[in-house]
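Heads up: the structure comes next, in structure tokens.
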Amino acid sequence: MAAKNGVAVCAPLECESLEEMVASMEKAKEEGADIVEVCMASMAVPCHSQVLDQIIQPRTLPAIVSFRMKSSRNSGKGGCYNTCLKVLKRALELHVEFIEMDYEVACEVNMAEYLNNRSNTRIIVSNYVNAGKPSVDKLAHLIACMQATGADVIKLDVPLIAVAVGSKGLISQLLAPKFGGFLVYGTLGGKPVPGLPSLLSLRQVYRLEHVNMDTKVFGVISNPVAHSKGPILHNPTFRHMGYNGIYVPLLVDDIEEFFETYSGPDFAGFSVGIPHKLAAVKCCDEVHPLAKSIGAVNTIIRRPIDGKLIGYNTDCEACISAIEDALRERQVGRNGGCHGTSPISGRTFVLIGAGGAGRAIAFGAKYKGARIVIFNRNYERAKALANEVSGEALPYETLEKFRPEKGAILANSSAVGMEPNSDQSPVSKEALRAYDLVFDAVYTPKITRLLKEAAEVGVTAVSGIEMFVRQALGQFRLFIGGSAPEDFMRKLVMEQF
Ligand SMILES: O=C1C[C@@](O)(C(=O)O)C[C@@H](O)[C@@H]1O
């Protein structure tokens, strides 16, 4: 049932009808589940224990039969409790692989009856802790009490720890094989549940069968984080290089608190996304001079010899080189190209946004000899950055009317136009005619409305995908302390987007 590291992928099936339950079990099998949890409390049927026979007898995957009292549709505590006992007893008679019992139920029933009247069925006792962040002592006591019931396996659902629930709990599933977890939950396609990975992502992206106690953990610290394509790029690349690493989405509110909590040597490297790139500087023990001058870090490595956090910026080179390459390509077409100086040099470079990515772009453009004009919703921030790059800040409301001199570049580093708001654009189509090249750091969608409209009015458009892949290449080199397989990573990005 389980992969070689002992972890099995389980699809929880919450269905109302028998037909739906049977069909979902087949779907779970197709999508790569090793085991299903048949959540009997979710069923709207007159007699649960009879229906159970029709689910369990023809099953094509091993099953856990659970009856969570809290999710029961049965009204009245007594009726619900009796149904629960009937279901669990019938599951034992059917020799199902596992039954799952709420801790409260395990405390009330005569457990010996269950333990003695079973063939190979293993008993999971589960508990849901919903009281903020429980202390370690409280959890230890709870675990001891749960073990005292005689359970074969105990399951603890805690916001943030163990089977942590909600979007922040996703890593409790993805890292379970590293920390000796017993089951990983994955959802069926088309039924997203916050905090649970899909069965398909477990099989195709994370490949938990390769994860073990020696696996190094990498991840993208961001909020929001679900849009990040980092996992679909870095995970296959680790495997391609024969490197034992996993890269996970980390939904983080407070980056300083994050590093206080995840301080172990196995948490080896991080991408830093919105809105943490500026705050990330303070979290590092050392910061690379380029990142220091920019004042933004998008990559953090935990140095193996002393555990110190070292910050880098791979956004700057990624964005500027993508724009330079596009300009050079055009020039080759027009006049055979120019050598030596950067094609950005001497141009007006209009930047929208003054956050982490914006700072990297502004410093890069200044270094290449551009004249920088910054528009940002927070004008004070635009002014501060403009001062640092000897540029000019203009009020955000004047962006639409702004007409730069010939040859100007427009770069959007704000999140305007990012999914799910892909119908938005920071500038009208009409205003885009004034530029020579338009770049968008947003990469979801691949072609933002801004880029689409730029192309429609005949302006060269450079996608954030180009910056994304280049900054990821830089990151990957830092992650593994070696070279990155550029062709492989580019191909992956082209296939996945
Ligand atoms: O801006 C980005 C994109 C990113 O946040 C992501 O979405 O994966 C990862 C960051 O390292 C990078 O600087």
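Since this is a predicted model, take the numbers as computed values, not measurements. Read the numbers this way: they start at 1 and go in the same order the structure lists the ligands and their atoms. The figures that follow rest on heavy atoms only: side chains count, while hydrogens, waters and symmetry mates do not.
For the pair Tyr247 and ligand 1, the shortest N or O to N or O distance does not fall below 3.5 Å. Among the atoms of Lys229, none of the N or O lies under 3.5 angstrom from an N or O of ligand 1. Every N/O-N/O distance between Ser222 and ligand 1 stays at or above 3.5 Å.
Ion pairing between a basic and an acidic side chain is recognised when a charged N comes within 4.0 Å of a carboxylate O; Arg303 and Asp285 show no such pairing. Taking the charged nitrogens against the carboxylate oxygens, Asp315 and Lys277 do have a contact shorter than 4.0 Å, which makes a salt bridge. Look at Lys383 and Glu380 and you find a salt bridge, because one of the NZ, NE, NH1 or NH2 atoms lies within 4.0 Å of a carboxylate O, short of that distance. At a threshold of 4.0 Å, the pair Arg347-Glu405 does not count as salt-bridged, since none of the basic side-chain nitrogens sits closer than that to a carboxylate oxygen.
When the shell of 6.0 Å around CZ of Arg207 is examined, it contains more than 12 heavy atoms from other residues, nucleotides or ligands.
Ligand-side atoms of ligand 1 in range of Ser228: 6 (C), 7 (O), 8 (O), range being under 4.0 angstrom from any heavy atom. Ligand 1 places these atoms under 4.0 Å from at least one heavy atom of His227: 7 (O).
At a heavy-atom distance under 4.0 Å, only backbone atoms of Val272 (N, CA, C or O) approach ligand 1. At a heavy-atom cutoff of 4.0 Å, ligand 1 is contacted by the side chain of Asp315 but not by its backbone.
Here the side chain of Asn313 pairs a donor or acceptor atom with the backbone of Cys316 at under 3.5 angstrom.
The side-chain contact (heavy atoms from CB on, under 4.5 Å) with Thr448 is formed by just one residue from the set Val416, Val438, Val442; it is Val442.
Ranking protein heavy atoms by distance to atom 1 (O) of ligand 1, first place goes to Lys277 NZ, 2.8 Å.
Residue-ligand proximity: Met467 is placed with every non-hydrogen atom at 4.0 Å or more from ligand 1.
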